[in-house]
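Here is how names work: the chains are called A, B, and so on, in the same order as the sequence lines, proteins then strands, and each is numbered from 1.
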Amino acid sequence: MASVRVRFAPSPTGNLHLGTLRTALFSWLYAQHHQGVFVLRIEDTDLQRSESYYEHSIFEGLAWLGLDVEEGPELDGVYAPYRQSERAALGLYQAAADQLLEKKMAYYCFCTTEELAAERALAETEGRPYVYSRKALELSEEEIAAKLAAGEPYVIRFKMPANQIITFHDVIRGDISFDSALISDFVLLKSDGTPSYNFACAVDDSAMEITHVIRGEDHISNTPKQLVLYDALGVTVPAFAHLPMILGPDKSKLSKRHGATSVTEYREAGYLPEALFNYMSLLGWSSPDAREIMTRDEIKALFTLERVSKSGAVFDVVKLKWMNGQYIRKLDKTALWDAVKPFISEGTLASLSARYSPDVCEDIIFSVRDNLDVLTDIEQYISVYIDSADTYKEKVLALEFSESDRQVLALFLEHLRTLPGGLSPVDVDRILELILEQTGFGKGKVFKPIRLACSGYPSGPHLPELLSILGKDLLIQRC
RNA sequence: GGCUCCAUCGUCUAGGGGUUAGGACACCAGAUUUUCAUUCUGGCAGCCGGGGUUCGAAUCCCCGUGGAGCUACCA
């Protein structure tokens, strides 16, 4: 069997979108699962909207998620170049168009946008579906030659086969058919000489020997156009798989008006790539054994198009957050510190390193990890460790301590003073235990005032960790 | 409007003729935790409607309905 070649073909007209990313993810997974090749092709034929800045956003997004590209721009490969603008410069699309022109399967069209708009408007008022009138087909050879010589702008259109049912088998959805009579003679080459999407797509997919075209459901209606092109060009047709849409909460195609949609935004909001990868893989696909938390390798091994669902999936940030928390809690002390560090403000970082050694910094972060859903949550939970003396005073002065509270604090202070050496978490546990015995009070009556007096906060990390990190000296001052 | 796709808890989904319709997030309750959080246990909640086919449909077929996508010299 021929080896699998899957392509991911985004256009660099915006930051890498979550929907686009999911297409990339499923394509990559499919290629990986079959030990195939994952190809990146940049579809930058829209000169107005394409920007190299966005191309980088695509590269970065893929790399961040760990979707390694085997063939693509900057990488070369047998099928280079991988940017359509570069392929156009090589005359690849022109050559294909010439071939169709010669076979009379395509033709020159000099119609202006105004003429076309008028045709369309007429069709609409008459309530019939619009297809191009084909008036350019009536032009004689001489007329065409004259217009060409005069430098009149033109496009090249494809001559759709008449009354034909075009059918293809979608790996996910089964057979899908279209009536060719309802499809207009679409443009192959635009008047600026660049290829239209459908043309470039078909030409390149065959040139690059793509075996599987995996893309969004929104491309289903483009497929018949590409099919007739494959046929006209006399090349092999790849397999198609149309993925369900990713939806916003209102069930319409996920877009900016739904909030954050670019991969960069999620990275900056403190999501881990492993979590996003895992969550996205479950949007339209499910594992055979109902597991949800899986490693990249596990997903890769389990992934098949047969288990991809047909209906659209609402992007649920709440579940993503939960999953991100799961991944955060899996990180060990050092990995957590590395992950979280870029999300701590400079000021906080400065006061942290001014007061604590690097080791203790890791302890601090680790002590609050259960509170983190996203990395950006970190700031709010570590303030207890770095509050200035003034801030602390302000907080404590607002509190009221009862007689029993004072009794507990006095005892605690006593134990601290008599403790030789530093204060370890185990020491804290022991002292707390002792006070419980000595006073006969319940846990709340003992722990609460100590937490309050020592930290100024009613809640926070576990007492042993919190107190041992704050340190004996500071606690003696505060009690 | 035309064409096309889709339809199981609020959300993501499993289940493809006989199941108490399963899991996950969220939500609610309880337990553990000095506290927030974490963790654990339990609970709430679903087959869009109508016709067929069948001894028997969530499952197969048809029709409705609803939602979505496409309808460019964008991709």
Atom pair distance, as rounded to whole Å: [atom1] in [X] and [atom2] in [N]:
X        : N     : atom1 : atom2 : result
A:Arg451 : B:C36 : CZ    : P     : 10 Å
A:Lys310 : B:C5  : NZ    : P     : 11 Å
A:Ile382 : B:A37 : CD1   : C1'   : 16 Å
A:Ile165 : B:U4  : CD1   : C1'   : 13 Å
A:Ile293 : B:C12 : CD1   : C1'   : 13 Å
A:Tyr279 : B:U13 : OH    : C1'   : 11 Å

> Between B:A14, B:A24, B:C73, which nucleotide gets closest to the side-chain atoms of A:Arg307?
Replying inline: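 Closest nucleotide to the A:Arg307 side chain: B:A14.
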Validate the cation-pi geometry between [X] and [Y]: distance from NZ or CZ to the six-membered ring centre under 6.0 Å, angle to the ring axis within 45°.
X        : Y        : result
A:Lys443 : A:Phe447 : no
A:Arg7   : A:Phe38  : no
A:Arg157 : A:Tyr132 : yes

> Taking O4'-C1'-N9-C4 for purines and O4'-C1'-N1-C2 for pyrimidines, is B:G16 syn (within 90° of 0) or anti?
Replying inline: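 Here the answer is syn: the torsion falls within 90° of 0.
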> Mapping A:Tyr197 and A:Tyr130 onto RNA chain B by nearest heavy atom, which one lands closer to the 5' end?
Replying inline: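 First, find each residue's nearest nucleotide; the 5'-ward one identifies A:Tyr130.
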> Closer to the 5' end of RNA chain B via nearest nucleotide, is it A:Met245 or A:Gly127?
Replying inline: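 Closest to the 5' end, via its nearest nucleotide, is A:Gly127.
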>> Suppose you measure atom C1' in B:U19 against the same atom in B:G46; what distance do you get, rounded to whole Å?
In response: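 The same atom, C1', in both gives a distance of 15 Å.
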> Got a salt bridge between A:Arg291 and A:Glu298, using NZ or NE/NH1/NH2 to carboxylate O under 4.0 Å?
Replying inline: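 Between A:Glu298 and A:Arg291 there is a salt bridge, with a charged N closer than 4.0 Å to a carboxylate O.
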> Quick one: is B:C74 close enough that its OP1 or OP2 comes under 4.0 Å of any side-chain N or O from A:Lys190?
Replying inline: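 For B:C74, OP1/OP2 do have a side-chain N/O of A:Lys190 under 4.0 Å.
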